[in-house]
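As structure tokens, the structure follows; a few thoughts come after it.
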Amino acid sequence: MNDKLNYYASRVIAGMMSRREFMGRAAALGVTATAATGLMTSKARAEGPKQGGTIRVGLSGGGSTDSLDPALAANQTSAIVQRMWGEPLVDLSNDGLEMRLAESITSSPDAKTWTFKIREGVEFSNGKPLTAEDVMATMERHSGEESKSGALGIMRGIKSMKTEGMNFIVELDQANADLPYLMGDYHLVIQPDGGKDDPTAAIGTGSYILKDHEMGVRFVFEKNPNRWDSGRGFADTVEIIVINDDTARVAALQSGQVDMIGRVPPRTASLVARAPNITVNSKSGPGHYVFIMHCDTAPFDNNDVRMALKYGINRQEMVDKVLFGYGSVGNDTPINASYPLYTEFTQREYDPDKAAFHFKKSGYDGPILLRTSDNSFPGAPDASALFQQSLAQAGIKLEIKREPNDGYWSEVWNAKPFCTSYWGGRPVQDQMFSTAYLSTADWNDTRFKNEKFDQLLFAARGELDEAKRKQMYADMGMILRDEGGLILPMFNDFIDGVSDRVAGYAETPGYELMDYLAPVKMWVVG
Amino acid sequence: MSPAIKLIAQRIALGLLLLFLVSILIFVGTLILPGDVAQSILGQSATPEALANLRRDLGLNDPAFTRYINWLTGIFHGDLGTALTSGQDIATAIGSRMSNTLFLAFWAAVISVPLAILLGLTAVRYKDRWPDKLISAVTLASISVPEFMIGYIIMYFIGVKLRWFPSVAMINDSMSLGEKLSAVAMPVMVLTLVVLAHMMRMTRAAILNVMQSPYIETAELKGLNSFMVIFRHAFPNSVAPIVNVVMLNMAYLVVGVVVIEVVFTYPGMGQYLVDHVSKRDVPVVQACGLIFAAVYIVLNMVADIVSILSNPRLRHPK
């Protein structure tokens with residue numbers, strides 16, 4: 001019980017839980033209010049963030065081909081590196097959004113015009129003061145015709161941008177109630193003059209300054225003496241080391257060479273957690289593993305074939321055997337509880353009889369060809385073999401074709417009618433749906449074209465009444481679940497490993513390692 | 001002109017010709033790789049506009065022959081081009097990676113080559129007795145286990161349990177030589193175990209071969225002790241095959257250590273090449289391929305030249 005209480009207390013101190021909630025939980029554990037308050041105060045004194053020391057982080061994904069340009073960041077290492085030196089307008093927080101470089105956000109009633117009031121008195125690490133023009137220049141660089149930015153899709157709906165004093169004003173083609181969330185995208189860190197002079201200069205308003213780096217190998221950061229928010233950035237130095245090999249990364253944490261790592265392999269996570277000085281934190285996120293069918297290609301153009309395959313997959317078995325329990329079952333819609341306006345549906349279960357029924361009804365009786373590769377998601381070939389077994393019980397023959405990792409994303413994914421893939425998820429429904437399920441989406445990797453779905457999506461964008469919007473998203477989820485080309489057996493958890501030499505870990509929405517901010521929000525204790 | 005010099009000149013000319021042919025092979029090889037550079041750089045999350053913009057910037061629309069000629073003339077001027085993905089100058093980037101690789105290979109060679117030859121000589125001296133069998137058994141066992149496995153085993157016991165050396169072999173310029181040596185200790189151990197058996201077995205076989213010769217019997221009859229016989233009389237006459245296998249293994253230490261670099265997170269050439277292959281960064285892959293080929297060809301050439309020079313009939317023609 002004490003451990004639990006201590007944990008709650010540290011969450012309050014880290015600002016992740018309200019005092020009121022803490023008192024409630026303490027009462028549930030049978031602790032009096034006075035005792036609970038006393039405990040929390042002593043905890044705060046004992047465990048408040050400590051300044052100084054070095055945090056070392058072991059990450060995967062980085063390569064010597066990476067660039068420091070935030071627009072091109074496409075892996076865990078790049079994302080965390082740029083969140084060290086740079087900040088977007090907002091961050092995700094447990095109760096919605098935390099204002100960072102935007103001080104406040106207001107919109108017109110039709111959700112088409114948005115005003116971001118930019119924080120005053122903030123300086124970039126090169127000494128230049130932050131202005132609304134810098135913000136606008138950043139957005140321009142990510143949205144121009146020439147842009148190669150990973151955030152280009154987000155910026156596309158913007159009709160015009162302007163500045164008025166410290167206000168940055170965005171005019172949209174179409175209403176979008178989610179725009180503030182989209183501005184928290186990790187690509188959109190604000191750079192002086194938008195990074196137009198030198199996108200790779202790594203100059204921003206973050207808690208740290210990049211001191212030394214070798215791409216794909218190592219990054220050294222020192223505390224930014226000029227940072228505007230002293231509530232972040234406690235360690236004097238942060239060293240990020242790229243360790244792509246899973247076993248080596250875990251060994252580095254175990255041997256004390258690094259204090260935290262991302263992506264602990266699920267297979268060994270429970271073994272790693274046994275070490276006394278290491279905590280393994282798993283957290284459910286929006287990321288998911290999928291089997292995708294092209295709804296416009298035979299035999300998948302027949303909804304009965306799609307339904308047969310959806311009933312023929314054993315989701316729980318996949319979570320147990322592919323994710324080793326570090327995940328949750330999916331329900332053939334990309335939305336789960338990590339999204340703000342989530343509605344739960346009845347869980348679709350493995351049902352060989354129904355699968356056989358739909359398959360028979362479809363009139364198709366040939367084998368189904370599934371393409372897969374190791375890099376389409378970790379354990380994809382194993383998952384495909386499990387799928388093959390569970391379908392065999394329904395009398396459906398699945399043929400598996402192993403494709404090389406090389407070129408999988410250009411030759412197989414979004415090109416062949418049935419293959420394995422993954423999605424990292426998005427912070428809000430609208431973004432996930434418009435990225436992959438809108439009829440005209442670039443990455444409509446299931447070739448799903450549904451007029452009603454599209455109409456709902458556009459209508460939801462302009463709907464500021466949350467209850468109505470929630471219902472619209474629920475309806476869209478239902479359409480995808482029953483008609484879509486997406487078989488979604490599992491959501492994968494993010495699994496981080498943290499040693500007891502650092503403290504301050506807290507659950508956050510968004511991505512792994514505290515939405516990429518663990519090195520900035522944690523501190524050294526030992 | 002002495003036949004030795006003529007032979008050496010021939011070897012060098014042959015090496016250059018080979019290198020030229022390899023350059024064509026590399027260029028054609030990279031052309032037929034599946035996948036598209038722009039798509040690989042931008043990954044799954046690329047929009048069609050972004051792809052088109054990148055493809056144009058990378059000059060992927062020029063014909064292949066023009067690109068080959070440009071590439072080859074660049075190399076003659078010492079210009080390996082710039083990386084497509086990061087925009088860095090390849091020569092500078094490879095320079096630092098190459099020096100790391102050579103650092104690791106150098107220390108692995110310094111330990112493994114003398115050790116292998118010494119073990120080989122010892123095995124001959126105690127032929128068919130227990131030291132010979134022990135040496136053979138241990139070295140053959142270590143070459144039979146996959147190298148990443150040896151890496152993980154050593155990492156677990158020495159890095160995680162005993163904590164003698166760091167499990168991540170990260171080196172950088174700000175480290176002292178001592179720190180660097182401590183960082184590479186584990187990879188050097190693994191590499192030594194991997195290359196030892198081949199060189200040691202070859203040394204043993206080559207020396208045993210000449211041990212049958214009448215002049216060895218003469219040396220024994222002169223009353224030399226058996227180790228001196230092996231070292232002074234047998235070894236010089238079996239130098240050619242030994243140098244051959246040593247050079248082959250040295251080349252392996254430079255170009256074949258990708259797996260060890262990944263396991264120990266060592267910032268060497270192998271890791272650098274793999275990163276760029278997976279991103280289809282063709283100029284870097286070509287440059288690395290050419291350098292690796294050159295290392296192989298040069299080391300083999302050295303082996304050839306040493307065996308030519310070690311042959312007294314070629315050194316002293318009638």
Side-chain angles (χ1 to χ4, degrees), chain A residues 56 58 62-69 71-72 74-75 144-150 152-153 156 200 212 214-218 220 239 241-245 247-258 275 375 404-411 413-414 421-424 435 442-443 445, chain B residues 33-51 53-54 57 83-88 93 96-97 148 151-152 155-156 158-163 165-170 172-174 259 262-267 271-281 284:
Chain A
R56 290 152 310 164
S64 42
T65 48
D66 292 347
S67 162
L68 278 175
D69 180 353
L72 301 179
N75 58 52
E145 283 288 305
E146 304 280 298
S147 172
K148 296 160 203 156
S149 172
L152 184 58
R156 230 187 253 141
T200 61
D212 191 13
E214 190 179 342
M215 297 315 287
V217 180
R218 170 174 179 265
V220 183
E239 188 178 344
I241 303 172
V242 180
I243 312 175
N244 280 317
D245 186 72
T247 315
R249 197 163 62 250
V250 169
L253 180 68
Q254 288 172 322
S255 65
Q257 275 204 292
V258 295
N375 68 338
N405 287 354
D406 269 6
Y408 189 82
W409 300 117
S410 51
E411 311 281 316
W413 175 76
N414 212 359
S421 176
Y422 75 93
W423 279 98
T435 310
D442 296 328
W443 306 326
D445 58 7
Chain B
L33 280 178
D36 175 83
V37 189
Q39 177 85 52
S40 306
I41 292 174
L42 295 178
Q44 187 213 30
S45 51
T47 61
E49 292 104 308
L51 281 177
N53 291 339
L54 192 61
D57 288 359
L84 296 180
T85 44
S86 59
Q88 278 178 312
S96 81
R97 290 300 187 115
F148 71 88
Y152 287 149
M155 188 192 284
Y156 181 73
I158 298 184
V160 176
K161 288 286 155 194
L162 298 171
R163 301 205 179 185
F165 298 111
S167 66
V168 173
M170 183 95 21
N172 56 62
D173 294 341
S174 60
V259 176
V262 170
V263 166
F264 289 101
T265 325
Y266 187 78
Q271 179 94 66
Y272 183 76
L273 174 65
V274 169
D275 281 352
H276 288 81
V277 168
S278 62
K279 284 285 163 68
R280 293 286 172 283
D281 195 332
V284 179

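Throughout, a chain's letter reflects where its sequence line sits, starting with A, and its residues are numbered from 1. Since we're looking at a predicted model, the values are computed, not measured.
- Contact count against chain A (heavy-atom pairs under 4.5 Å) is highest for B/S167 among B/A93, B/S96, B/S167, B/P166.
- Across B/Y266, B/F264, B/Y272, the residue that shares the most heavy-atom pairs under 4.5 angstrom with chain A is B/Y272.
- Here B/T265 contributes atom OG1 and A/D245 contributes atom CG; the two are 7.0 Å apart, rounded to the nearest 0.5 Å.
- Using a 4.5 Å heavy-atom threshold, the side chains of A/R218 and B/V168 count as separate.
- For A/N75, the side chain to side chain contact (heavy atoms under 4.5 Å, CB included) partners at least two apart in sequence or on another chain are A/D66, A/T77, A/S78.
- No more than 12 heavy atoms of other residues, nucleotides or ligands shown are found within 6.0 angstrom of OH on B/Y156.
- From A/E214, atom CD reaches atom CG of B/N172 across 8.0 Å, with rounding to the nearest 0.5 Å.
- Heavy-atom minimum distance, B/H276 versus A/S64: CE1-OG, 3.3 Å.
- The most heavy-atom pairs under 4.5 Å with chain B, out of A/G62, A/A251, A/G216, A/A252, come from A/A251.
- The OG atom of A/S255 sits 8.5 Å away from the CE atom of B/M155 when rounded to the nearest 0.5 Å.
- Across B/M170 and A/V242, no two heavy atoms sit closer than the pair CE-O, 4.4 Å.
- Both the backbone and the side chain of A/Q254 come within contact range of chain B, each with at least one heavy atom under 4.5 Å from a heavy atom of that chain.
- For the residue pair B/D275/A/T65, the side-chain donor-acceptor check at 3.5 Å is not satisfied.
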